[in-house]
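One structure below.
Note on naming: letters A, B, ... go to the chains in the order of the sequence lines (proteins, then strands), and numbering restarts at 1 for each one.
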Amino acid sequence: MILRQWRSIRVPNEKLWFSSTPQRNPNPNHSQWLENLSQLCHQKDLPKAVATMVAMEDQHCRADPITYSSLIKLCIEKHAVNEGRRVHQHLLDDGQPPKLFLSNSLLSMYVKFNLFDDARRLFDEMPERNVVSWTTMISAFAHLDSREEAMKYLIAMHREGIRPNMYTFSAVLRACQTLRTLWSIHCCIIKCGLELDVFVRSSLIDVYSKYGDLDYGYQVFDEMATRDLVVWNSIIGGFAQSGDGYKALELFIGMKRAGFLANQSTLTSGLRACTGTVMLEMGRQVHVHVLKYDQDLILNNALLDMYCKCGSLAEANAVFQRMKERDVISWSTMISGLAQNGRSIEALRLFNSMKAAGTKPNYITMVGVLFACSHAGLVEDGWYYFNSMAKVFGIEPGREHYGCIVDLLGRAGKLEEALNFIDAMGFQPDSVIWRTLLGACRVHQNSSLAAHAAKEILKLEPEDEGTYILLSNIYADSRRWSDVEQVRKAMQDQGVRKEPGRSWIEVGKKTHVFIVGDFSHPEMNSISKELNRLIGRITEVGYVPDVKFVLHDLEREQKEESLRYHSEKLAIAFGMMNSMGGKPIRIMKNLRICGDCHEFAKLAAKVENKTIIIRDPVRFHHFQDGICSCGDYW
DNA sequence: GTAGGGTTAG
């Protein structure tokens with residue numbers, strides 16, 4: 001490859017002190033100037049150092065490369081953009097390209113200042129480039145998410161005959177976001193004999209677990225002889241983000257056993273693990289470790305989210321109030337948290353406080369705001385925010401926002417309007433939008449529109465079990481048993497099976513899982529007795545099993561029997577048996593709660609004078625005094 | 001002079 005010519009080439013100045021045979025310097029005070037400059041660099045006095053450099057220029061004095069190097073470092077440290085450029089210019093005025101390592105320092109400086117055009121220009125003008133220069137560029141592209149550029153530079157580097165090192169690979173791995181590229185880069189790494197490097201390994205683990213093959217990422221982790229904290233964090237983060245909170249926490253404990261101290265990153269993943277699997281007690285334990293990093297913004301945001309998702313808004317709010325620094329994520333987390341927990345008005349009020357505090361909402365904030373409107377039936381507010389997003393906040397509504405409006409109209413029973421809105425969206429509706437409409441059709445019992453929505457979903461995702469279930473539920477609601485049978489047959493033909501309803505609850509340090517109709521829990525006898533006792537008590541205050549939530553065409557008695565063992569009822573009974581004092585009973589569910597269980601929970605909370613909190617995949621229900629925070633609107 | 005791990009929705 002032909003190197004580009006050095007553009008600003010000048011007649012070489014023979015008096016340059018660093019030319020191969022040191023020249024006598026014309027200025028007798030040269031060594032004093034130099035001494036002075038390096039002293040100032042040492043003292044980190046950037047303004048004086050730059051002033052000295054300029055004064056030296058006037059005296060035709062030159063500093064040595066080492067001093068220049070410390071000057072550049074100082075500019076980076078102080079994030080002094082103008083001074084950095086000044087030093088660069090000064091070096092160019094020498095008439096010769098700076099030494100390679102100095103150009104590399106400058107390159108790294110521009111990258112750190114996010115001045116990528118300058119970095120690229122410098123890179124293009126460098127007469128000579130080594131692995132450090134290339135790696136700096138590749139790393140910059142990888143961080144910019146310019147994956148193609150990063151790969152192209154890797155190829156160009158190879159063509160120039162420069163071998164990548166471990167730095168290069170750990171940078172380039174970030175740009176591998178498909179398994180295919182990941183595999184080929186992994187092969188290159190092995191070929192270069194760099195697979196054992198911890199940095200390379202942690203990057204491998206990270207990208208494998210993020211982009212599709214967590215098991216393989218774990219394998220790469222598992223076979224490592226020496227692991228450091230980041231390697232542990234990579235794998236813990238991998239499991240936490242993929243939703244396997246149990247495995248993440250198991251590894252978290254393994255890490256502590258191996259003698260490592262959890263840092264901010266570990267704890268953030270630990271909290272995320274609790275959030276995903278809804279383990280409030282465990283989350284509180286992690287919180288204790290977080291206290292020593294009092295004002296870490298990311299950790300605090302993770303804490304907020306954990307408490308919100310575990311249904312403990314009081315604790316979330318306590319953290320929020322204590323935070324000295326709040327960013328758009330902190331506010332958005334609280335807004336969505338309130339909305340999901342049925343406190344939409346407070347969510348909107350918080351949105352106003354956010355604006356008053358001068359924090360600009362982003363795309364996700366607006367999803368939270370619209371979610372608050374749709375879940376509380378605030379149709380007018382929802383429309384207002386949706387219509388003013390672009391004008392007032394400069395955020396173009398995207399798929400998620402359109403989805404919220406479909407939800408808003410659908411929940412409010414304006415099904416036709418929702419359908420028209422979908423038609424007028426200006427882009428192809430995806431399965432999420434259709435599923436939203438389908439959910440609304442169920443609440444408002446519109447089976448013909450439901451069938452339409454379901455068919456659209458199944459066109460896009462023919463194996464989606466949730467849709468079959470919803471559709472058959474809707475047919476069951478209107479007692480169209482032959483249609484129910486047809487849906488079940490279609491499921492069989494597609495090889496789709498119904499995911500059983502599952503609820504889980506933390507008691508002490510253990511999580512107990514209940515599956516609908518599964519009686520294998522060791523305390524099943526007493527749970528059954530407790531359930532009967534509860535049903536007896538709530539029947540006195542008017543509970544009648546609502547059998548329309550049973551799928552099959554059974555006799556009433558059989559239907560009641562099948563309702564009785566819904567997983568959330570088993571979990572509520574178990575929670576009552578183990579509940580202490582005034583503590584709420586917290587239950588998580590994999591599917592949405594059924595109408596009968598919702599009624600059951602309201603009355604059980606009333607007669608037992610307890611708070612029951614159930615989180616389903618979309619929102620929370622706080623049952624207290626015979627009412628639910630969702631206002632029966634879900 | 002170049003490299004790895006953490007937070008918000010659906």
Nearest whole Å is fine: how far is [N] [atom2] from [X] [atom1]?
X: A/Phe320; N: B/dT7; atom1: CZ; atom2: P; value: 19 Å
X: A/Phe116; N: B/dT2; atom1: CZ; atom2: C1'; value: 15 Å
X: A/Arg435; N: B/dG10; atom1: CZ; atom2: P; value: 14 Å
X: A/Met354; N: B/dT8; atom1: CE; atom2: P; value: 16 Å
X: A/Leu71; N: B/dG1; atom1: CG; atom2: P; value: 13 Å
X: A/Asp206; N: B/dG4; atom1: CG; atom2: P; value: 10 Å
X: A/Leu204; N: B/dG4; atom1: CG; atom2: P; value: 13 Å
X: A/Tyr402; N: B/dG10; atom1: OH; atom2: P; value: 19 Å

Checklist entry - Does the separation of the ring centres of A/Tyr402 and A/Phe421 fall below 6.0 angstrom? => result yes
Next on the checklist: Are A/Phe199 and A/Phe169 an aromatic pair, judged by ring center distance below 6.0 Å?
Outcome noted: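 Between A/Phe199 and A/Phe169, which both carry aromatic rings, the centre distance is not below 6.0 Å.
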Item to check | Nearest-0.5 Å distance, CE of residue A/Met166 to OG1 of residue A/Thr135 | outcome: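 Reported to 0.5 Å precision, the distance equals 11.0 Å.
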Students often get this wrong, so: under 4.0 angstrom with heavy atoms, is [X] touching a base, only sugar-phosphate, or nothing?
X: A/Val231; answer: base
X: A/His143; answer: sugar-phosphate
X: A/Val200; answer: nothing
X: A/Thr333; answer: sugar-phosphate
X: A/Phe169; answer: nothing
X: A/Leu229; answer: base

Measure from the side chain of [X], starting at C-beta and using heavy atoms only, and say which of [options] lies closest.
X: A/Asn165; options: B/dT8, B/dT2, B/dT7; value: B/dT2
X: A/Ala171; options: B/dT8, B/dA3, B/dG1; value: B/dA3
X: A/Lys210; options: B/dG1, B/dG10, B/dG6; value: B/dG6
X: A/Leu100; options: B/dG10, B/dG4, B/dG1; value: B/dG1
X: A/Gln340; options: B/dA3, B/dG6, B/dG10; value: B/dG10
X: A/Ser170; options: B/dG4, B/dT7, B/dT2; value: B/dG4
X: A/Thr136; options: B/dT2, B/dT8, B/dG6; value: B/dT2
X: A/Ile298; options: B/dT7, B/dG10, B/dG1; value: B/dT7
X: A/Ser108; options: B/dT2, B/dT8, B/dA3; value: B/dT2
X: A/Leu299; options: B/dA9, B/dG4, B/dG6; value: B/dG6

Quiz item: [X] side-chain donor-acceptor pair to [N] base, under 3.5 Å:
X: A/Asn301; N: B/dG6; value: no
X: A/Ser105; N: B/dG1; value: no
X: A/Asp197; N: B/dG4; value: no

Next on the checklist: Stacking between A/Phe101 and B/dG1, defined as ring centres under 5.5 angstrom apart with planes under 30°, is that present or not?
Outcome noted: no
Checklist entry - What residues, two or more places apart in sequence or in another chain, satisfy side-chain contact (heavy atoms from CB on, under 4.5 Å) together with A/Cys176? => result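 Partners of A/Cys176 by the side-chain contact (heavy atoms from CB on, under 4.5 Å) criterion, ordered by chain and then number, come out as A/Met151, A/Leu173, A/Thr181, A/Leu182, A/Ile185.
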Checklist entry - Between A/Cys308 and A/Met334, is a side chain to side chain contact (heavy atoms under 4.5 Å, CB included) present by the stated rule, with each step listed? => result CA-CA 7 Å; A/Cys308 285; A/Met334 274 311 277; 4.0 Å; yes
Checklist entry - With a distance cut-off below 6.0 Å to the six-membered ring centre and an angular limit of 45° from the axis, does A/Arg201 pair with A/Phe221 as a cation-pi contact? => result no
Taking 4.0 Å as the cut-off, does a side-chain nitrogen or oxygen of [X] come that near to OP1 or OP2 on [N]?
X: A/Arg174; N: B/dG4; value: yes
X: A/Lys112; N: B/dT2; value: yes
X: A/Arg399; N: B/dG10; value: no
X: A/Arg201; N: B/dA3; value: no

Checklist entry - What parts of residues 235-264 of chain A reach DNA chain B, counting only heavy atoms under 4.0 Å away? => result A/Gln241, A/Asn263, A/Gln264
Next on the checklist: When you compare the side chain of A/Ser336 with that of A/Phe371, does any pair of heavy atoms fall below 4.5 Å?
Outcome noted: no
Checklist entry - Taking only residues two or more places apart in sequence, or in another chain, which ones meet A/Arg615 in a salt bridge (charged side-chain N to carboxylate O under 4.0 Å, His left out)? => result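 A/Arg615: no salt bridge (charged side-chain N to carboxylate O under 4.0 Å, His left out) contacts found.
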Item to check | Enclosure of A/Arg86 CZ (heavy-atom neighbours >12, cutoff 6.0 Å) | outcome: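 For A/Arg86, atom CZ is not crowded (no more than 12 foreign heavy atoms under 6.0 Å).
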Checklist entry - Run the ring-ring contact (aromatic ring centres under 6.0 Å, His included) check on A/Phe386 and A/His401 step by step: do they pass? => result CA-CA 7 Å; A/Phe386 180 79; A/His401 306 110; 7.5 Å; no
